[in-house]
Each structure stands twice: as C-alpha cells, then as structure tokens.
Amino acid sequence: MPELPEVETIARALRQGGRNGPAILGQVLDSADVLWERSIAQPDVAQFRQRLAGQAVDQVTRRGKFICLALSRDNLFIHLRMSGDLRVESSRDERGETRPLEKHDRVVFNFAGGLRMAFNDARKFGRVWLAADASQVTGSLGPEPLSPAFTAADLYQRLQKTHRQLKPLLLDQSFLAGLGNIYTDESLHAARLNPSLPANRVSPDQADRLWTAIRQALEEGIQRNGASIDWVYRGGNFQNHFRVYQRTGKPCPVCGTLIQRRLIGQRSTHFCPVCQPEG
DNA sequence: CCTGAAACCTGTCTGC
DNA sequence: TGCAGACAGGTTTCAG
C-alpha cells in the first residue's frame with residue numbers, strides 16, 4: 001500500500017506519537033508474538049523473538065518504503081507492501097484486561113512499559129527483518145528522492161543509462177527509492193512525460209521537470225499525511241488532490257482531456273494523452 | 001539487458 | 001442472492 005509519503009507519516013508518528021498511537025522511541029522490547037510466520041523475512045522466527053528481547057528503540061527513520069528502527073544491537077526493518085499498517089496501543093484496556101488483537105494482526109511487539117505495536121497486514125505481503133547489518137536489507141536501494149544529495153543532474157545521468165520505459169523504471173526501487181503507483185503517475189503527469197517513453201530519450205530539460213515533479217509530489221503527499229484509499233491506510237488526504245491517479249475518464253486538470261488508463265509493466269497507469277503525448 | 005507472466009494473499013466491487 | 005472476474009498503494013522470481 002503505502003509509498004514514501006505514507007511511510008514517512010507512519011515513521012513520524014512512531015517517533016513523536018500521533019496518528020495511530022503514542023511514540024515508541026525509547027521503549028524497550030520485551031517480546032514479540034508472531035501470528036503469521038511468513039511475515040518474518042529474517043532471521044528464523046525463534047531467533048527473531050530471542051534477539052529482540054531487551055533491545056531499546058533508539059531511533060526511528062525511513063529509507064525508501066522501509067521503516068527502520070535502530071535497536072540497541074540490531075536494526076528492525078518493516079516493509080508494509082500493499083496492505084500493511086502499524087498500530088501502537090496499550091496492551092491492556094481501562095479495566096486492566098488484555099486488549100484483544102485485531103483481525104489481520106500478524107506480528108505484535110510488546111514493550112516493557114505496557115505498550116505494544118501491532119503489525120497489521122490483510123494481504124500478508126508485508127515483511128519484517130532483523131539485521132545487525134542494515135545494508136543487508138536496504139543496500140540495493142537507489143537514491144532517496146528528497147535528499148539534498150539527489151540532484152536533477154543526477155537523475156538525468158541515471159536516465160541516460162537505460163532504455164527502459166519511464167513508468168516501470170521509476171517503480172524500480174533500485175533506480176529511485178520510494179515511488180509507487182500513485183506518485184509515479186502523478187509525477188509523470190506534472191512533468192508532462194509519457195509513461196512509456198524510453199528513459200534515454202529524456203532531454204536534460206525534461207529530466208529537470210521530472211526531478212521537480214517527483215519532489216513536489218512527494219512533498220505534497222507528506223504535507224497531507226499521505227493518501228488514504230479504500231480500507232487500507234487512513235489518516236492522510238492526498239487522495240483528494242490526485243491529478244490522474246484513479247481518475248480514468250475524468251478531465252485532466254490542466255487541459256480538460258479525459259484521463260486514460262492502460263497497463264504498463266503490469267501496473268495500471270493513468271495519464272493525459274494530450275499533456276503527455278507519445279514520442 | 002529487457003519484458004512479460006506468475007506468484008504471494010485477502011478484500012471489495014461490478015456485472016451477469 | 002450467488003458467483004465469477006477484475007482490481008488493489010509491492011516485490012520477487014522465472015522464462016524467453
């Protein structure tokens with residue numbers, strides 16, 4: 001589900017509190033309950049539970065679409081994939097009774113102070129890693145799009161190296177970390193680039209536009225606390241500001257032409273045939 | 001190197 | 001009402 005802005009919103013809430021519960025920064029892990037074993041990518045479940053116990057949450061950050069918890073001795077990575085979410089709450093209700101879990105809770109992290117963090121994931125695609133060496137998990141990710149180190153010239157150079165179509169390329173996390181289906185379509189529309197255009201045919205000027213569009217789309221998404229669609233992620237309102245995503249048959253906000261949808265790289269792709277012409 | 005298809009899953013919605 | 005099929009914010013793996 002979530003892309004960079006949604007993951008960023010969740011990471012901030014874990015750091016400062018808000019959205020789905022109190023902050024977990026500084027909390028000490030007591031135990032973990034694994035309700036769906038395949039949610040644990042690494043190491044095996046027994047080792048995962050054993051190593052976790054007693055470690056404090058020293059830092060909460062984000063890298064691409066990964067939530068990264070720096071623990072006392074390890075790093076805990078959470079990837080929400082299509083339907084994952086995190087919920088922080090007290091383990092007991094007002095009467096002191098153990099609070100029941102929710103449908104689709106897959107892993108529950110219990111903290112020493114009485115809080116718990118539930119990883120809820122209807123579709124079971126999400127994964128959790130525990131690794132001493134962070135590069136083992138996030139090592140192959142491309143640049144962080146909002147980092148000052150990522151420049152328009154940088155993007156242009158990377159685009160020149162391949163003839164892959166822009167849409168699947170931007171979704172490739174080793175090319176750029178954090179874009180998903182929503183923000184890719186929104187960025188390409190703002191940059192006036194056709195999603196099927198081969199990357200090495202993008203001019204320096206167009207690369208500049210794409211760089212600006214990507215960063216603006218992501219920043220607006222973060223500012224609106226992400227996009228909430230259907231039953232999955234809740235909290236943000238960026239969905240009310242989509243220009244093309246899920247707006248098939250509705251007018252382009254720039255020229256009024258009806259937005260088209262078609263499959264590119266097996267993902268549904270929304271674009272304006274006039275603002276984003278072929279070739 | 002690149003593309004497309006399939007797999008991993010559950011839930012919702014549409015149309016017959 | 002029931003049921004089949006399409007579709008959903010992601011990633012990996014495999015065949016060609």
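Quick caveat: nothing in here was measured; it's all calculated off a predicted structure. To find a chain, count down the sequence lines: A is the first, B the second, and so on, and within it residues start at 1.
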Could you state the atom-to-atom distance from [atom1] of [X] to [atom2] of [N] in whole Å?
X	N	atom1	atom2	value
A:Met82	C:dA8	CE	P	8 Å
A:Glu3	C:dG10	CD	C1'	9 Å
A:Asp85	B:dG11	CG	C1'	16 Å
A:His104	C:dA8	NE2	C1'	14 Å
A:Arg262	C:dC7	CZ	P	15 Å
A:Arg38	B:dT10	CZ	P	10 Å
A:Leu80	B:dC9	CG	P	18 Å
A:Arg106	B:dG11	CZ	C1'	12 Å

>> For nucleotides 1-6 of chain B, give me one character per nucleotide, 5' to 3': B if any protein heavy atom sits under 4.0 Å from the base, S if the only such contacts are to the sugar-phosphate, - if neither.
In response: -SSBBB

>> I'd like to compare against my own output: the B/S/- annotation of nucleotides 11-16 of chain C with a strict under-4.0 Å heavy-atom distance to protein.
In response: B-----

>> Please tell me whether A:Gln47 and A:Asp44 have a donor and an acceptor in their side chains that are separated by less than 3.5 angstrom.
In response: yes

Find the distance between [atom1] ([X]) and [atom2] ([Y]) and round it off to the nearest 0.5 Å.
X	Y	atom1	atom2	value
A:Arg116	A:Ser91	CZ	OG	5.5 Å
A:Arg209	A:Leu155	CZ	CG	12.5 Å
A:Glu219	A:Leu146	CD	CG	5.5 Å

Is the shortest side-chain N/O distance from [X] to OP1 or OP2 of [N] below 4.0 Å?
X	N	answer
A:Arg261	C:dA8	yes
A:Lys103	B:dG11	yes
A:Lys124	B:dT10	yes
A:Ser268	C:dA8	yes

> Is the NZ or CZ atom of A:Arg158 both under 6.0 Å from the centre of the six-membered ring of A:Phe175 and within 45° of that ring's axis?
Replying inline: yes

>> Between A:Tyr183 and A:Phe242 (judged by ring centroids, cut-off 6.0 Å), do the two rings come close enough to count as a pair?
In response: no

> Are A:Phe66 and A:Trp129 close enough that their ring centres sit under 6.0 Å apart?
Replying inline: yes

[X] (side chain) donor-acceptor with [Y] (main chain) under 3.5 angstrom:
X	Y	value
A:Glu3	A:Gly178	no
A:Asp121	A:Gly126	yes
A:Glu186	A:Arg243	yes

> Using atom P of each nucleotide, how far apart are C:dT1 and B:dT10 to the nearest Å?
Replying inline: 25 Å

>> Give me the distance, rounded to whole Å, that separates B:dA6 from C:dG5 when you measure between the P atoms they each carry.
In response: 15 Å

>> Could you check whether A:Glu278 pairs with A:Arg262 (Lys NZ or Arg NE/NH1/NH2 to Asp/Glu carboxylate O, under 4.0 Å)?
In response: yes

>> Students often get this wrong, so: under 4.0 angstrom with heavy atoms, is A:Tyr183 touching a base, only sugar-phosphate, or nothing?
In response: nothing

> How is the base pairing of DNA chain C summarised as a dot-bracket string, given the Watson-Crick and G-U wobble criteria with both distances under 3.5 Å, [ ] for crossing and | for another strand?
Replying inline: .|||||||.|||||||

